[in-house]
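Read the structure below first, then the notes.
Residue numbering restarts at 1 for every chain, and letters A, B, ... go by the order of the sequence lines. Only a predicted model underlies this, so the values are computations on that prediction, with no experimental measurement involved.
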Amino acid sequence: MVILRIFAVFNYNQVQYCSMRIEDIITGALSRFFAEKSLPQPEQSLIQLQKTRKEFEGDITLVVFPFIRLMKSSPAETGEKIGSYLKKLPEIHDFNVIKGFLNLVVESSYWNLFVNESSADSNYGFSPHSPKETFLVEFSSPNTNKPLHLGHIRNNLLGHSISKILEANGKIVKKVNLVNDRGIHICKTMLAWQKWGNNTTPSDAGMKGDHFVGELYVKFEKAYRKEVDELVKNGMDPDVARREASLIKEAQEMLRKWEAGDPGVNDLWKRMNGWVYEGFDVTYRRLGVSFDKIYYESQTYHMGKAIVEEGLKKSVLRKKDDGSVWIDLTHKGLDEKLLLRSDGTSVYITQDLGTAVMRQNDYHADKMYYVVGNEQDYHFRVLSLILGEMGYEWAGSLEHISYGMVELPSGKMKSREGKVVDADNLIDEMIETAGKLSSELGKLDGLTREEKESIINTIGMGALKYFILKVDPRKNMIFNPEESIDFNGNTGPFIQYTHARIRSLLKKAELSGIVPERKNQIDFRLSDKETGLAAILHEFPQAVSEAGANCSPAIIANLIYELAREYNQFYHDHPVLKEENIRRRDFRLFLSVLTGDVIRRGMDLLGIAVPERM
RNA sequence: GGUUCCGUAGCUCAGUUGGAUAGAGCAACAGCCUUCUAAGCUGUGGGUCCCAGGUUCGAAUCCUGGCGGAAUCACCA
């Protein structure tokens with residue numbers, strides 16, 4: 001930290017700020033080119049700049065195909081003409097044309113200036129805050145009848161990371177959680193505890209509260225299934241059996257009592273939820289996620305019911321003869337949707353209506369994001385449609401960030417069958433593996449136990465988090481418990497290691513009394529690895545904004561990985577402290593400073609910490 | 001059955017306003033530590049981008065139709 005600051009403030013005065021980015025310089029020149037030729041200005045979308053592929057010489061490539069019509073010349077000719085015009089720019093060193101591609105070699109001085117400026121900018125790549133826009137991000141949203149599993153880990157990490165990314169894009173972000181603390185599933189666990197719990201508590205059992213309650217849930221489901229099977233064996237229709245089994249009847253009766261405010265049921269409910277929250281808090285802390293506000297379904301479903309009443313008055317909703325309330329969405333290509341059961345109890349979507357209104361009243365947010373699995377795509381379509389039908393003008397600001405399921409090689413995880421990858425177990429395993437690897441490699445010898453534990457924790461969690469977040473959120477992903485999560489290659493620890501290397505290098509520089517200077521005049525040309533590294537760093541701001549626009553941490557993860565890989569190659573090929581040309585050495589130091597900084601801040605957007613050494 | 005999403009190397013994944021000879025990692029094999037951290041670097045092998053048409057200078061990407069998989073369409077959440 002200290003070193004970074006020294007490097008950052010050094011020669012602050014000499015640094016010119018707000019230099020134009022090369023893309024803008026080229027676009028501007030292109031515009032002048034067409035004006036000088038008295039040709040019509042090409043539309044912005046025709047100007048396609050991309051990174052030059054590795055096998056060709058150059059840094060930035062202009063695709064010239066779109067211009068051949070405007071200029072009425074062949075691709076090669078067009079490329080030559082534009083290329084020689086652009087070469088007059090001080091930022092363009094050279095060019096070559098291959099097929100319809102104009103490859104531009106950017107002047108080393110441009111990259112040097114870029115590295116000088118960016119490495120002195122502690123906010124490089126992020127947008128300044130615009131207090132106008134407030135975004136709400138709902139994530140986690142656990143049920144209180146079972147502990148968190150790998151699917152919840154994905155949800156929590158995505159929600160946390162997306163919140164950070166939106167903040168980096170200048171939004172004000174409020175993270176909210178909606179706890180599904182009421183409903184038939186909780187009644188099942190309460191019933192199980194009454195029947196088989198023997199009045200024990202999690203501490204009696206020596207378990208985390210959420211695990212303790214989760215076992216009761218599984219116990220209920222097993223007993224319930226057994227009862228249904230027996231009824232079926234005695235000749236009952238399976239559907240009828242599922243409805244008529246005494247266990248489910250009892251659970252439903254309990255739900256009715258709960259909604260009626262029965263004190264005994266309520267006390268037990270509070271007690272058991274309390275156990276679960278204690279357990280969740282531990283897991284949240286380990287994952288490093290937190291919330292600005294926690295909503296409880298038990299508090300929002302009243303509002304939901306009130307909205308249903310209002311909808312009935314407005315005749316947007318319709319009550320059937322049996323007392324159940326529905327909305328007809330057939331004109332939108334969907335079905336009829338139930339909003340209240342015939343016994344007057346509310347369903348899942350009822351409380352979501354209430355929650356949405358309550359939140360809008362609380363925050364008046366410009367957007368309300370819901371990080372919820374893609375199995376609920378239909379639910380959220382219906383939710384915003386209903387709010388729209390009911391006349392809430394902000395209904396359009398709801399957005400479902402729909403992410404894919406985490407599946408096992410055998411298929412979907414099923415809590416009811418106990419076929420899940422438990423979050424706490426997985427975290428334990430990751431940290432254990434990190435510890436084993438660290439001691440095998442002897443990396444942490446000579447550190448105190450606290451330091452070791454902290455670093456091992458950082459690495460284990462880094463491996464887990466990166467493993468989840470590098471995948472496009474929208475896609476389903478497969479986790480194979482038989483194969484442990486890697487610590488080499490495209491992984492969190494690889495990136496963390498790169499950071500540790502850089503920090504170690506900079507520390508060494510400081511200890512050797514090296515104080516680099518930012519010089520905007522240089523007397524050398526950059527190597528391929530140096531420009532390659534600078535070019536990836538140059539892409540960081542765009543990655544941040546794209547990640548924000550697409551709510552995709554994977555975009556950040558992929559860029560940071562590419563950056564780390566490139567740095568390791570650079571590090572392997574080039575001496576830094578031993579470089580004899582002082583200006584070159586200083587450039588490499590600032591390149592390292594910037595790389596370390598972008599890795600640290602990029603990983604922070606993923607909610608992953610990076611160690612000073614490992 | 002209707003709707004939505006997905007299909008890229010043995011495995012896990014990038015490749016998203018249509019751009020060059022489709023890329024990484026893992027796994028396998030072969031190298032590189034007296035030198036700023038080898039959790040690293042270098043190399044080899046590995047592809048019908050599910051199939052078939054269409055759109056155009058150009059398609060893994062867009063359109064249509066198939067095939068395969070997943071989710072959803074509950075008085076479950």
Side-chain angles (χ1 to χ4, degrees), chain A residues 45 48 50 52-56 61 63 65-66 68-69 75 98-101 103 141 143 145 180 183-186 252 297 320 322-326 333-335 337-343 345-349 351-352 373-379 381-382 402 404-405 407 409 411-412 434 437-438 440-441 443 459 463 467 470-472 474-480 483 485-498 500-509 512 546 550 552 554-555 557-558 561-562 564-565 568-569 571-579 588 592 613-614:
Chain A
S45 64
Q48 295 175 39
Q50 55 190 249
T52 304
R53 295 183 65 111
K54 278 213 168 79
E55 57 267 41
F56 304 105
T61 295
V63 184
F65 289 109
I68 57 182
R69 252 183 228 154
I98 294 168
K99 296 185 181 178
F101 298 90
N103 302 319
S141 316
N143 291 351
N145 64 330
N180 288 290
I184 191 73
H185 53 289
I186 285 109
Q252 282 163 347
E297 186 184 324
K320 289 196 177 172
D322 63 2
S324 58
V325 179
W326 299 74
L334 304 177
D335 296 321
K337 183 81 184 173
L338 177 91
L339 296 181
L340 275 186
R341 295 192 186 98
S342 51
D343 67 1
T345 57
S346 62
V347 290
Y348 183 49
I349 204 160
Q351 59 79 24
D352 249 330
N374 62 12
E375 56 193 351
Q376 295 190 29
D377 286 354
Y378 183 78
H379 174 80
R381 268 176 75 196
V382 171
S402 163
M405 301 286 98
E407 290 173 355
K412 211 186 158 185
L437 273 171
S438 291
E440 269 171 28
L441 295 167
K443 291 282 189 179
I459 296 170
F467 175 81
K470 74 170 176 180
V471 181
D472 183 336
R474 287 169 310 197
K475 290 190 174 174
N476 288 358
M477 61 183 289
I478 292 179
F479 173 77
N480 187 350
E483 300 167 12
I485 294 176
D486 266 304
F487 283 67
N488 297 319
N490 186 356
T491 66
F494 169 83
I495 296 167
Q496 291 173 320
Y497 173 71
T498 311
R501 268 183 149 180
I502 291 171
R503 299 298 309 157
S504 164
L505 179 77
L506 297 181
K507 194 172 239 167
K508 197 158 239 170
S512 325
E546 262 177 48
N550 297 312
S552 173
I555 292 173
N558 287 321
Y561 168 64
E562 213 184 314
R565 198 160 49 98
N568 278 315
Q569 291 167 12
Y571 183 90
H572 183 266
D573 294 346
H574 301 295
V576 177
L577 302 180
K578 288 175 184 154
E579 168 60 39
R588 286 179 182 168
S592 301
R613 58 170 290 185
M614 67 184 271

What nucleotide, of B/C13, B/A24, B/C26, holds the atom closest to the side chain of A/Ile478?
-> B/C13
On the nucleotide [N], are OP1 or OP2 found under 4.0 Å from the side-chain N or O atoms that [X] carries?
X: A/Lys54; N: B/U21; value: no
X: A/Arg565; N: B/A14; value: no
X: A/Arg474; N: B/U16; value: no
X: A/Asn488; N: B/G40; value: yes

Residue set satisfying ring-ring contact (aromatic ring centres under 6.0 Å, His included) with A/Tyr348, at least two apart, ordered chain then number -> A/His379
Close side-chain approach of A/Asn180 and A/Gln351, heavy atoms under 4.5 Å = yes
Decide yes or no for A/Phe494 and A/Asp486: does some side-chain heavy atom of the first lie under 4.5 Å from some side-chain heavy atom of the second?
-> no
Stacking here means centres under 5.5 Å and planes under 30°; does A/Tyr571 stack on B/G40?
-> no
Anything under 3.5 Å between a protein N or O and an N or O of nucleotides 59-61 of chain B, put it in a table, one pair a line.
none

Partner of [N] by Watson-Crick or G-U wobble geometry, both contacts under 3.5 Å, or none?
N: B/G19; answer: B/C57
N: B/G65; answer: B/C51
N: B/C26; answer: B/G10
N: B/U3; answer: B/A71
N: B/A39; answer: none

With sequence neighbours excluded, tell me which residues meet side chain to side chain contact (heavy atoms under 4.5 Å, CB included) with A/Leu441.
-> A/Lys443
Is B/C33 syn or is it anti, if syn means the base angle is within 90 degrees of 0?
-> syn
Pair A/Asn568, A/Thr498: side-chain N/O donor-acceptor within cut-off below 3.5 Å = yes
